[in-house]
There are 2 protein chains.
Amino acid sequence: MVTMSDVARAAGVSVMTVSNVLNGRSNVGADTRLRVLEVVEELGYEINLTARRLRSGRTGTIGLIVPQFDLHYYGELASRISEALAPEGMHLVVEQSGASRERELSALSLARLQQYDGVLLSAVGLDMADLDRIHPDVPIVLLGEQAVPERYHRVRMSNVAGARLATEHLIDRGARRVAVLGGKLSAAHPEMATYRADGWSRALEEAGLPPDPGLVIPLRTYSIAEARGAIADALAGGTEIDGIFAVTDEVAIGALAGLHDAGLRVPDDVQLAGFDNLGISEHLVPGLTTIDPDHAAMVTAALRLLRRQLEDRTAEPEHVVSDVRLIVRGTTRAHGDSVPSA
Amino acid sequence: MVTMSDVARAAGVSVMTVSNVLNGRSNVGADTRLRVLEVVEELGYEINLTARRLRSGRTGTIGLIVPQFDLHYYGELASRISEALAPEGMHLVVEQSGASRERELSALSLARLQQYDGVLLSAVGLDMADLDRIHPDVPIVLLGEQAVPERYHRVRMSNVAGARLATEHLIDRGARRVAVLGGKLSAAHPEMATYRADGWSRALEEAGLPPDPGLVIPLRTYSIAEARGAIADALAGGTEIDGIFAVTDEVAIGALAGLHDAGLRVPDDVQLAGFDNLGISEHLVPGLTTIDPDHAAMVTAALRLLRRQLEDRTAEPEHVVSDVRLIVRGTTRAHGDSVPSA
DNA sequence: TCGGCCAGATTTATCGTTAAATCTCCGTGG
DNA sequence: CCACGGAGATTTAACGATAAATCTGGCCGA
C-alpha cells in the first residue's frame, strides 16, 4: 500500500507538504504542488481515510441506520438522502439494525456511531429508556415516530393528522366499516402504529362512527405477505369491512392482494387507503390512495438539523413535524359514488 | 470520550492489559480481567473502531455497493446479505454508487474500499476497462451481469437461460408478438439488458418467430415509471403486442400499469413475464410470472467467495453462475388457453 | 545595513489501538 | 541451590495521517 511518506520521498518533500497539497492548503508553492500531484498520480496514491479519521476526527460520512433494508420506504429514504448529500461532498452509508431491540442497540453502540460525522437514525425497536441511555458524542437526528427524549433532534410526520385524513376520506367516499390494518391501540411505548390507529379512531368518532376494536387488525411486521394473510384471516373470520386504512403503503399492497384473494373488488366492494406514498403506489392497479408525508421536506429538514449540530455541538434540539397531504387515486371511489350493490 | 488508557488508569493496569481483556486474549489473570471489565462498565468505555482498524487492519465490516438504494432488487439483496453475515459477527454497510460511471468510480476509490474487510460490488456503470484499472488490496466479489476481467471473483445469474425460459413460456402460452421491455440489442459493453434480450431473441428464433427489432423497447433506467411510459408510447405508436418479457420485475410492474392505462387486460390481451422474483411480485394483482434466480444460493456463493479471499488473498478467482427457474403466476395464461377474442 | 515579515517548507507530537518484544516473579526439577 | 519455563503483566514501536509550532531564506522598508 502506498502511503503519504512514499509520495513524500518520491517527490523529495516532507510528508506534511504532501498533506498540505492534498488538502488544498495554501502554504505550498505552485511548482511543489505540481510535482506532488504528479507523484501522487504516478504512484496511484490514495489517502487512508482511517488514519485521517483517527487524527482529524472528520470522516465526510453520514450514517443512516434503518430497521430493514427491504422495506421500500427505507430504500426510498436512503436514496433521497444520498442524493441530497452528494452535492455537499458528503457521503452516505446505510446500516440495518434489524427490527429487534437487541440488534438495534448493538447498531447504536458508541463504537459504531463514532465512525460517522453524523447519524440519521430511524429507530423502531427502541423505547424512550433505551434512547435515554445513549449519550453519543456524534450528532444524531432521529427520523421516525416513536416517542423520544427531549434532547434529541428529530424529524417526523404528522401521523395522527395523516391517518385522520385518510380515514375521513374513506368515510367521505361512503365507507362505514373502516378497518385499520397494522394498527395498534394505545401501548406503553407509542409508535407509528399507535399514532396512526389514533388518527383512525378520531376520524371515526368525529363522524359519529364508534371505532370497533374488531376492526383493528394488528400486524407483527409491516410486510406485504403478513398484511395479505391478516386480511385473509379477518375476512375468513367474518369481519365485515367496506374500507381499510393501511398504516403503510407496503401493508396496503398486501391488503390489495388479500382482498383480491377473497374475490372483493377495490374500490367497489372495499375501499383502501395507505400511508407513505411510496414510489410504487402510484403505479399499482388500481393506483393507491395514500398520505404523502412530503419526503423531500423531511430529508431537507433532517439534513438541516444535522448540519446545525455539526456546526455547533450545543445547538438546541429541534423537533420538526412534516406536513402530510392526501393523494387520491383509484383505490377509493370518486366523490359522490354510492355504494354499489355487490 | 473515554479511551483505553482511562480504563487502564482507573483499573490500575497497563493499556495493553485492557486491550488483552477486551480481545479475549488468554494472558490475563482472572481477577485482573474482572476488575478491568468492571471499570469498562463503570466508565461506559467503548472501543474506538477507527484506531483498531488503523492498527490491526481488520474492521469486521463488509461493504456492499449498489447502484441505487431504491430499486427493490438491491434492498432485498442487502437484506439477505446482512442476515447472512450477522451470525458470523460480521457487519454489513451499504453504499450507493449512483448508476453513473463517474460516481461509481468514486465509490470504488481505493480510499473507500479500504475501509472494509471485503467488498461486494454490484456494478452497472463500469465497463471492463474501468474494472481492469482497479487493483484494490481488499477482497472483492462482483455481483452482476456485465462482462468483467478474469481476475475477479464473481457471482451472477443465468441471464440468457432465464430470459429464454420466460420467453418460451410466453410463446408456449400462446403469445406470438412478444416484446422485450428494457431489452438492448448487443452493445459494445454487454450488460444485464443485452444478455436478457439475447435470451429473448433465441427463444423466438427457436420457435420459428423471427425477433422483430420493433419489439425491443429500450429503457434508460429500469424504473417503474419509465417502464410504464415506454409501454404507453409503444402502444400509442401502434406496436402490436400480445406478450411482454420485462427484463426485471420492477420494469414488469411498470408494464402492468402501462397496459392497464391502455385498457388492455393481463393476461387475456397481453401476457407478461418478469425477471428477479422480487418479494412483491407474488403479491401483485395478478401475481407476476417471473424468473427466480435463487437469491439465497447467490448470497451464499458470494459470501463463500469472499471468505475464501479473506482466508487466502491469492485464492484462484471463481465464477459462480446461479441457476434460474420459472415461476408461473397470474400474468401468463393457464396452459392450453387459447387467445380469447378481445 | 539590519530587523521584520511572509511565503514556503519542515519538525514534533499525537489521535487510540495492537503486535511483538520484554520484564518479573514464582514454582519446579535436577 | 540454581537454572529454567511459563503465566501474567508491561514496554516499545508502530499503523498513516494532521494540528500546531518551528524553521529558513529572501525581500522590504526605514
Side-chain angles (χ1 to χ4, degrees), chain A residues 1-37 39-40 43-61 109-117 136-138, chain B residues 1-37 39-40 43-61 109-117 136-138:
Chain A
M1 173 191 297
V2 186
T3 75
M4 245 185 205
S5 69
D6 295 330
V7 174
R9 198 175 316 114
V13 298
S14 73
V15 179
M16 203 54 224
T17 296
V18 178
S19 173
N20 287 332
V21 169
L22 293 179
N23 288 285
R25 288 187 268 260
S26 56
N27 53 345
V28 186
D31 43 348
T32 309
R33 155 166 282 115
L34 223 65
R35 186 151 31 92
V36 168
L37 289 176
V39 174
V40 163
L43 300 186
Y45 169 78
E46 297 224 31
I47 193 149
N48 182 321
L49 291 175
T50 302
R52 167 185 282 177
R53 174 175 311 176
L54 176 60
R55 180 64 241 240
S56 76
R58 280 301 165 96
T59 75
T61 303
S109 65
L110 295 185
R112 298 254 299 273
L113 295 183
Q114 274 169 353
Q115 312 200 82
Y116 304 112
D117 284 349
D137 30 20
V138 182
Chain B
M1 173 191 298
V2 187
T3 76
M4 248 185 204
S5 70
D6 296 329
V7 175
R9 198 175 316 113
V13 297
S14 71
V15 178
M16 204 55 222
T17 297
V18 178
S19 173
N20 287 331
V21 169
L22 293 179
N23 288 285
R25 289 186 267 260
S26 56
N27 53 345
V28 186
D31 44 348
T32 309
R33 155 167 281 114
L34 222 65
R35 187 152 31 95
V36 168
L37 289 176
V39 174
V40 163
L43 300 186
Y45 168 78
E46 297 224 32
I47 193 147
N48 182 321
L49 290 176
T50 302
R52 167 185 282 177
R53 174 175 309 177
L54 177 59
R55 180 62 240 236
S56 76
R58 279 298 165 99
T59 75
T61 302
S109 66
L110 295 185
R112 297 254 299 272
L113 296 183
Q114 274 169 353
Q115 312 201 82
Y116 304 112
D117 284 349
D137 30 19
V138 182

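Just so we're on the same page: letters track the sequence lines, and every chain starts at 1. Computed from heavy atoms alone, side chains included, the values below leave out hydrogens, waters and symmetry copies.
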Sugar-phosphate, base or nothing in reach of Thr17(B), heavy atoms under 4.0 Å: base
Length of the line joining Met16(A):CE and dT11(C):C1', which is rounded to integer Å: 11 Å
Touch class at under 4.0 angstrom, heavy-atom based, for Arg25(A) against every strand present: sugar-phosphate
Interatomic distance where CZ belongs to Arg9(A) and P belongs to dA17(D) [whole Å]: 12 Å
Short side-chain N/O contact to dC15(C) OP1/OP2 from Arg52(A), under 4.0 Å: no
Phosphate-side-chain proximity, Thr32(A) and dA9(C), N/O vs OP1/OP2 below 4.0 Å: yes
Residue met sooner reading DNA chain D from 5', once Ala30(B) and Val2(A) are mapped to nucleotides: Ala30(B)
OG1 on Thr59(B) to CZ on Arg52(B), rounded to 0.5 Å: 10.0 Å
Sugar-phosphate only, base, or nothing, as touched by Ile47(B) at under 4.0 Å among non-hydrogen atoms: sugar-phosphate
Short side-chain N/O contact from Ser19(A) to OP1 or OP2 of dT18(D), under 4.0 Å: yes
Interatomic distance, Asn20(A) atom CG to Asn27(A) atom CG [nearest 0.5 angstrom]: 4.5 Å
Atom-to-atom span, CG of Asn23(B) to C1' of dG16(C) - whole angstrom: 13 Å
Position toward the 5' end of DNA chain C (nearest nucleotide), Val15(A) or Asn27(A): Asn27(A)
Nearest-Å distance for atom pair CG/P, residues Leu22(A) and dG16(D): 16 Å
Distance, rounded to the nearest Å, where Arg35(B) contributes CZ and dA9(D) contributes C1': 11 Å
Any Ser56(B) side-chain N or O less than 4.0 Å from OP1/OP2 of dT18(C): no
Nearest-Å distance for atom pair CG/P, residues Leu54(A) and dC15(C): 9 Å
Donor-acceptor pair present, Arg55(B) side chain and dA14(D) base, under 3.5 Å: yes
Arg33(B) and Thr17(B), any side-chain heavy atoms less than 4.5 Å apart: no
